[in-house]
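Single-structure report; data block below.
Counting starts at 1 for both ligands and their atoms, following the listed order.
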Amino acid sequence: MRVAMIGTGYVGLVSGTCFADFGHVVTCIDKDAGKIDALNAGTIPIFEPGLQDLVAKNVAEERLFFTTEPDDAIREADAVFIAVGTPTRRGDGHADLSYVYSAAEEIAGLINGFTVIVTKSTVPVGTGDEVEAIVRRTNPEARFAVVSNPEFLREGAAINDFKRPDRVVVGTESEEAVEVMRELYRPLYLNETPIIVTKRRTSELIKYAANAFLAVKITFINEIADLCEKVGANVQEVSRGIGLDNRIGSKFLHAGPGYGGSCFPKDTLALSRIASDAGSSLKIIDSVIEVNAARKKKMADKVIDFMGGDVNGKTVALLGLAFKPNTDDMREAPSIDIVEKLQAAGAKIRAYDPASMEEAGHMMSDVLFCDGPYHAIENADVVVIVTEWDQFRALDLERVKSLLKTPRVVDLRNIYTQDYMNAHGFEYTSVGRSY
Ligand code: UDX
């Protein structure tokens with residue numbers, strides 16, 4: 001099949017590359033000439049394990065192309081994917097759909113023969129209807145169907161998530177379009193991936209409901225963690241105790257400093273707006289948004305309390321800045337709130353992250369970015385583990401102790417245990433674990 005992918009951001013680039021690897025001929029289109037030149041020169045603009053090699057392989061095998069000129073690729077395509085950004089519109093939390101709609105207009109003028117237009121971007125319920133109306137208005141003769149096909153890719157694990165998904169969701173009432181979508185995803189039949197076909201609006205809602213549910217799950221366990229600290233319980237044991245119940249499931253029950261990233265914060269906000277616009281309230285989601293935002297700030301208070309209520313003039317060493325490991329993404333990362341609040345309380349910040357320091361440099365000031373974890377720790381009064389990168393899981397604790405002014409560790413990801421740290425001579429606190 002021939003695929004045109006509009007937008008070479010995270011979703012477009014991963015999806016386009018994986019479709020090419022399935023054997024389809026894929027052209028990725030972006031207006032940003034610098035990005036396309038870089039991609040053609042083999043430079044990948046995002047940090048995603050395995051992506052560079054997969055792009056190189058499919059470019060070499062002539063199944064993957066990058067261009068700023070959409071005309072030929074869209075004309076020849078069986079399916080045109082819209083994978084442009086849908087940022088939060090300033091001020092009101094709605095998703096900004098202007099990139100989606102201008103892509104629809106562009107596609108309308110070019111399609112040739114029956115073409116499936118697929119929204120991969122996360123879009124509010126009803127966006128597919130609007131895309132369909134735009135295409136019909138712009139090109140009344142066109143033969144096409146608009147399909148919703150949401151992505152469920154985790155940063156850092158995106159290739160695996162694309163190639164071995166739990167399910168593929170296809171939202172359309174066009175049989176012809178379903179056949180094209182089945183053909184595109186045919187390699188997944190081998191591992192019997194369920195393909196769920198629904199009406200388009202349902203599919204659009206599935207994406208938001210999935211992300212919102214996961215955000216609820218994380219926020220739930222984070223609140224239980226706070227309770228554990230108050231009543232002498234251990235949240236990791238609670239997570240295991242409830243997670244083994246199949247109805248609950250053990251994933252996304254790790255307590256921490258609050259969720260961040262490009263999806264959960266944006267999508268929970270957008271879903272809340274979708275619901276209120278529809279005259280239906282989603283109180284759980286509204287609470288989750290509020291609780292999570294407050295939690296990120298509360299993590300700085302945790303450090304301050306641990307330091308006896310005062311960090312003025314103290315040096316805090318942060319290990320990890322990205323919102324999670326294996327990404328350089330700093331969007332909505334808890335580290336941003338933590339740094340801001342600690343600095344306001346008079347602390348000096350040293351920090352190390354294996355991938356995100358360049359990004360972080362645009363988002364925080366007066367932070368000394370260091371060459372490695374041990375450099376960050378030098379002469380600090382306390383270490384705060386913010387992101388659970390593997391390289392922080394087995395630190396040389398004797399070395400850490402000798403570099404610190406005082407042996408204190410705040411572990412916001414629960415990667416060490418109280419007993420172990422105490423045995424190594426550290427004062428230690430973590431999230432939701434009284435023991
Ligand atoms: C998420 C969804 O998982 C993906 O399906 C969707 O398409 C995009 O959003 P991503 O944002 O890349 O993916 O990261 P994810 O691994 O889901 O983590 C999101 C945030 O939740 C991170 O800040 C992470 O630290 C936090 N988290 C996750 C927890 O605090 N506890 C958990 O148990 C799981």
**Study point:** Candidate pair Y185 and N149, rule side-chain hydrogen bond (donor to acceptor under 3.5 Å, both in side chains), full reasoning
**Key:** CA-CA 11 Å; Y185 283 105; N149 173 223; 2.7 Å; yes
Review point. Is any side-chain N of the basic residue among R295 and D337 closer than 4.0 Å to the acidic one's carboxylate O?
Key: no
Review point. Which residue and non-hydrogen atom of the protein lie closest to atom 24 (C) of ligand 1, and at what distance in Å?
Key: F323 O, 4.1 Å
Exercise for review: Assess the pair F22 and F162: is the distance between their ring centroids shorter than 6.0 Å?
Suggested key: yes
Study note, to complete from the structure: C263 heavy atoms within 4.0 Å reach ligand 1 at atoms 8 (C), 9 (O)
Check your understanding: Do S430 and D411 have side-chain atoms, one donor and one acceptor, less than 3.5 Å apart?
Key -> no
Revision key, fill the gap. of all protein heavy atoms, closest to atom 34 (C) of ligand 1 is F252 CD2, 3.4 Å
Point to revise | Charged N-O contact under 4.0 Å between D92 and R273 | key: no
Revision key, fill the gap. Going by the 4.0 angstrom heavy-atom rule, the piece of K217 near ligand 1 is neither
Practice item. Identify whether the distance between the nearest side-chain nitrogen and carboxylate oxygen of D381 and R408 falls below 4.0 Å. Key: no
Practice item. For ligand 1, indicate whether the residue N222 contacts it via side chain, backbone, both or neither (heavy-atom separation under 4.0 Å). Key: neither
Exercise for review: Could you tell me the residue and atom name of the protein heavy atom closest to atom 12 (O) of ligand 1, and the distance to it rounded to 0.1 Å?
Suggested key: E155 N, 2.6 Å
Check your understanding: To the nearest 0.1 Å, how far is atom 10 (P) of ligand 1 from its closest protein heavy atom, and which atom is that?
Key -> K324 NZ, 3.8 Å
Review point. Closest non-hydrogen protein atom to atom 33 (O) of ligand 1, residue and atom name please, with distance?
Key: H254 N, 2.9 Å
Point to revise | Enumerated ligand 1 atoms positioned under 4.0 Å from heavy atoms of R413 | key: 25 (O), 30 (O)
Exercise for review: Before accepting this row, confirm whether a basic side-chain N of the pair D161/R154 lies closer than 4.0 Å to the acidic partner's carboxylate O.
Suggested key: yes
Practice item. Establish, from distance only, whether the side-chain atoms of Y101 and E106 form a donor-acceptor pair under 3.5 Å. Key: no
Review point. Does one side chain, of S434 or E229, offer a donor that lies under 3.5 Å from an acceptor on the other?
Key: no
Review point. Heavy-atom contacts under 4.0 Å between D161 and ligand 1: side chain, backbone, both, or neither?
Key: neither
Check your understanding: Is it true that K207 lies under 4.0 Å from ligand 1, counting heavy atoms only?
Key -> yes
Review point. At what distance is the nearest protein heavy atom to atom 3 (O) of ligand 1, and which residue and atom is it?
Key: R154 CG, 3.2 Å
Check your understanding: Is G256 near ligand 1, meaning one of its heavy atoms is under 4.0 Å from it?
Key -> no
Study note, to complete from the structure: atom 27 (N) of ligand 1 has as its nearest protein heavy atom I218 CD1, 3.5 Å
Check your understanding: Is any side-chain N of the basic residue among K298 and D226 closer than 4.0 Å to the acidic one's carboxylate O?
Key -> yes
Point to revise | Closest protein heavy atom to atom 1 (C) of ligand 1, given as residue, atom name and distance to 0.1 Å | key: F264 CE2, 3.6 Å
